[in-house]
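Read the structure below first, then the notes.
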Amino acid sequence: MKERNREHLQALGNKTEYSMNYAPEVLETFENKHKENDYWVRFNCPEFTSLCPITGQPDFAEIIISYIPGERMVESKSLKLYLFSFRNHGDFHEDCVNIIMKDLIALMQPKYIEVTGLFTPRGGISIHPYANYGRPGTPYEEMAKKRLANQPY
């Protein structure tokens, strides 16, 4: 890959350093070369882990991130490192999903984003939190309301 196409990405192509603490600063973006188009970008992280804030026991989940990009897009390796940084982070399932969504909104200002957490059962109960956002004052704001209202969970 030519240097001019890499912009200023730090994580991609360099030795991987994993943070042992929640690290939103590792997230990186690059320019959306098709900003005139609406299209979906979907990430699936089937090995997400975090810690229960009460017991300190590990929680396991599949995290699904879907978004319609605006001007910037999240770089996938930096996203992987970011999601890995939750490994020693203690928060409830619902908090993890909302934190991920809010960090990605602050990072790249997508037109629309949704984050789903499919947490594995503990104590016989599984939790599947869902959070979404549509850019205010745009059709995506109404899309967010409709998709939230029609969630099957």
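Note that the structure is predicted; figures quoted are calculated from it, not measured. We count residues from 1, following the sequence as given.
- Remark: Phe43 CZ to Ile65 CD1 distance equals 7.0 Å, nearest 0.5 Å.
- Judged as a ring pair (Phe, Tyr, Trp, His ring centres under 6.0 Å), and not counting sequence neighbours, Tyr133 has no contacts.
- Counting heavy atoms from C-beta outward, Phe48 and Glu62 have side chains that stay 4.5 Å or more apart.
- Residues Glu31 and Arg72 meet the side-chain proximity criterion, which asks for heavy atoms closer than 4.5 Å.
- Judged as a side-chain contact (heavy atoms from CB on, under 4.5 Å), and not counting sequence neighbours, the contacts of Phe60 are Thr49, Pro58, Thr120.
- Residues Val115 and Ile64 fail the side-chain proximity criterion, which asks for heavy atoms closer than 4.5 Å.
- Using a 4.5 Å heavy-atom threshold, the side chains of Met73 and Tyr67 count as touching.
- The two residues Ala131 and Met101 have their closest heavy-atom pair at C-SD, 3.6 Å.
- Here the shortest heavy-atom pairing between Val97 and Thr116 reads CG2-C, 4.4 Å.
- Taking 4.5 Å as the limit, every side-chain heavy atom of Cys45 sits out of range of all side-chain heavy atoms of Phe84.
- Put simply, the side chain of Trp40 reaches to within 4.5 Å of the side chain of Ser66, judged on heavy atoms.
- Note that the OG atom of Ser76 and the CD atom of Glu28 stand 10.5 Å from one another [nearest 0.5 Å].
- Leu27 and Leu79 get closest at one heavy-atom pair: CD2-CA, 3.9 Å.
- Of the inter-residue distances, the one linking His89 atom NE2 with Asn21 atom CG reads 10.0 Å to the nearest 0.5 angstrom.
- Partners of His93 by side-chain hydrogen bond (donor to acceptor under 3.5 Å, both in side chains), not counting sequence neighbours: none found.
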For residues 103-112, which side-chain N or O atoms pair as donor and acceptor with protein atoms under 3.5 Å away, sequence neighbours left out?
unit_1, atom_1, unit_2, atom_2, d
Asp103, OD1, Tyr22, OH, 3.2
Asp103, OD2, Tyr22, OH, 2.4
Asp103, OD2, Tyr82, OH, 2.6
Gln109, NE2, Ile105, O, 2.8
Lys111, NZ, Lys35, O, 3.3
Lys111, NZ, Asp38, OD1, 2.8
Tyr112, OH, Glu114, OE1, 2.4
Tyr112, OH, Tyr130, OH, 3.2
Tyr112, OH, Asn132, ND2, 3.2
Tyr112, OH, Arg147, NE, 3.2

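- By the side-chain contact (heavy atoms from CB on, under 4.5 Å) test, Glu94 pairs with Phe92, Ile127, Pro129, sequence neighbours left out.
- For Asp59, the salt bridge (charged side-chain N to carboxylate O under 4.0 Å, His left out) partners two or more places apart in sequence, or in a different chain, are Arg122.
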